[in-house]
Amino acid sequence: MRSGDGLIVRVRLTGGDLIPDRAAALAEAARRFGNGLVDLTSRANLQMRGVSDETLQPLLDRLAELSLLDASAAAEQVRNVIASPLAGLDPSAPIDIQPLIRALELRLIGNERFHFLPAKFGFLLDGGGVLPLDGVEADIALRAEVDGHFRLEAGGETLGWVRAEEALEAALGVAERFLALRQPDESRMRDVVGRLLNEAQQPSPPSGEGGPTKSGRMGCGPLATSFPVGVLLADHTPSPVASQRHLPHLVKKAAAPSRLAGPHPAGFFTAAAPFGRLDAGQLEGLAAIAARHGATLRLTPWRSILLAPLAVDVTTQVSSLGLVVDPGDPRLAIAACPGSPSCLSGEAPAQADAARLAPVLAGFVERGASVHVSGCAKGCARRAPASITLVGQGGRYGIAFDADSKAPSETEPMSLGELMAFLTKRLTENSFKSSDHV
Ligand code: SF4
């Protein structure tokens, strides 16, 4: 993709997994073929920035040497799968999703029908455990329950529960129904899920009348009825305990994963990149620390990198790289896109300004606020509303509360200095209450 600072090249990592040698090689490639900056995305991918037309092919050749280049663009695009960052490394996870991740990718690549899925259509595999993917959205999601079942979701709606060994077929069956039901202008599951639910409530067509060759029954959830996705969903009603997220006591005490930074008692370390951006030296540094301690690196959908498993505290080493290691750092609660000049659509340097505003925004964050600084109304860094949303408009910022980036500004657009004064006044007047704005 072309951007204000050159081409952006996405590297899609299966399960976000990045062994130290590959991380070091990618850092070297980012420096050699791009401008040395690397973005972490909310789909746990990595993007190299500042690649030129001349350096693109050598970069692709290097990615091929590292076994990080797909056979085709379609194959790369279709394997849009977010997985639990601790997959295979978390003994408390109710289901080990590690084998499912690549299996799902291979099924998506291998069946050309799925290549017609829209570009942003994505899957999610949540094994639960100490880092559940609660709040991370996907078109089709499988979320582990305590008793060997996944909750199957489409467009955020629970369709039912499915046994682990049937989960892949169930998810792919829903993807097939999406392709069958979608209109040309519909690109996300949420556009179609209403019709999918309606379809599920219709009686199964009698066999031999041209309906689906197989139909499954949902034995639980909102759809105790036939559901023609071509798989048999489990006749299973989770117990009240099982239907809650696993390990509720642990989850309740834990910080939201998006706010994690530093060491974790479960034996991993979170290195958070301010606003999801790091440079080649920082990536190299993380690779060296991981290699030294026998850990691997895992990218998260919260724009951070985990080092796991880890028996030692590496806070000092990671902190010396300039990465966020303090869960109280206000930058963890601020979403900011690159903005201008990196993005051609940017009307303000969102990321640079977010860093400047962080000290004053810290006061709001302490009261539980979320903040979104966007270079334009498109709002790439955050789709959900934030307590405070700042949107670039011709070099200034509009501001809206409890709104997304498309909401109209509640004030005249302000310069950065005016914005600082406005926010400081709001804070000292105590006219911002977290209960109103979280
Ligand atoms: S929100 Fe606007 S400025 Fe920011 S990355 Fe997206 S298109 Fe670019």
Side-chain angles (χ1 to χ4, degrees), residues 1-12 30 34-52 77 80 82 118-122 136-138 187-188 190 258 272-279 299-304 330-358 361 369-411 413-416 418-419:
M1 191 173 78
R2 201 166 289 280
S3 193
D5 55 357
L7 295 165
I8 299 174
V9 174
R10 176 175 64 204
V11 182
R12 216 191 268 290
N35 62 10
L37 295 178
V38 171
D39 284 340
L40 306 178
T41 76
S42 60
R43 298 206 66 81
N45 295 315
L46 184 148
Q47 290 180 342
M48 295 186 193
R49 300 197 69 100
V51 177
S52 68
Q77 182 173 294
N80 189 2
I82 296 181
K120 294 200 168 159
F121 193 96
V136 180
E137 295 178 0
S187 60
R188 303 308 299 264
R190 59 177 173 268
S258 58
F275 316 119
R277 174 165 292 185
L278 66 169
D279 61 35
L299 272 56
T300 80
W302 309 291
R303 295 187 164 99
S304 55
R331 290 173 294 178
L332 294 176
I334 302 172
C337 72
S340 62
S342 299
C343 175
L344 290 170
S345 305
E347 297 193 37
Q351 232 164 55
D353 285 345
R356 290 185 195 105
L357 288 167
L361 289 171
S370 52
V371 182
H372 181 188
V373 186
S374 186
C376 78
K378 195 170 170 196
C380 297
R382 183 180 170 119
R383 198 167 62 84
S387 317
I388 301 173
T389 298
L390 307 173
V391 178
Q393 294 176 24
R396 300 167 80 83
Y397 285 94
I399 186 166
F401 297 98
D402 295 324
D404 63 23
S405 59
K406 292 174 181 65
S409 175
E410 294 181 24
T411 66
M414 292 180 268
S415 67
L416 196 65
E418 290 165 344
L419 196 53

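This structure is a prediction, so every number in the text was calculated from the model and none was measured. Atoms considered below: every heavy atom in the structure, side chains included; atoms not considered: hydrogens, waters and symmetry mates. Counting starts at 1 for both ligands and their atoms, in listed order.
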Would you mind checking which non-hydrogen protein atom is closest to atom 2 (Fe) of ligand 1, with the distance to 0.1 Å? Cys376 SG, 2.3 Å
Taking atom NE2 of His372 and atom OG of Ser405, what is their separation to the nearest 0.5 Å? 5.5 Å
Backbone or side-chain N/O/S of Cys343 under 2.8 Å of atom 8 (Fe) of ligand 1: yes
Are any of the side-chain nitrogens in Glu137 or Arg190 under 4.0 Å away from the carboxylate oxygens of its partner? no
Atoms in ligand 1 flagged as close to Ser345, the criterion being non-hydrogen separation under 4.0 Å: 7 (S)
Proximal ligand 1 atoms for Gly346, defined as those under 4.0 Å from one of its heavy atoms: 3 (S)
Quick one: look up the protein heavy atom nearest atom 6 (Fe) of ligand 1 and list residue, atom name and how far away it is. Cys380 SG, 2.3 Å
Any side-chain heavy atom of Gln351 within less than 4.5 Å of one from Ser342? no
Out of all atoms in ligand 1, which are within 4.0 Å of some heavy atom of Ser374? Include the element for each. 1 (S)
So, do Ile388 and Ile399 sit near enough that their side-chain heavy atoms are less than 4.5 Å apart? yes
Do any heavy atoms of Gly379 fall under 4.0 Å from ligand 1? yes
Is there a side-chain contact between Arg277 and Arg49 (heavy atoms, below 4.5 Å)? yes
Are Asn80 and Phe121 side-chain neighbours, meaning at least one heavy-atom pair lies under 4.5 Å? no
With side chains defined as the heavy atoms from C-beta onward, is the minimum distance between Asp353 and Leu419 less than 4.5 Å? no
Counting from 1, what ligand 1 atoms have a heavy atom of Gly375 closer than 4.0 Å? 3 (S), 4 (Fe)
Residue and atom name of the nearest protein heavy atom (relative to atom 4 (Fe) of ligand 1), distance in Å to one decimal: Cys337 SG, 2.3 Å
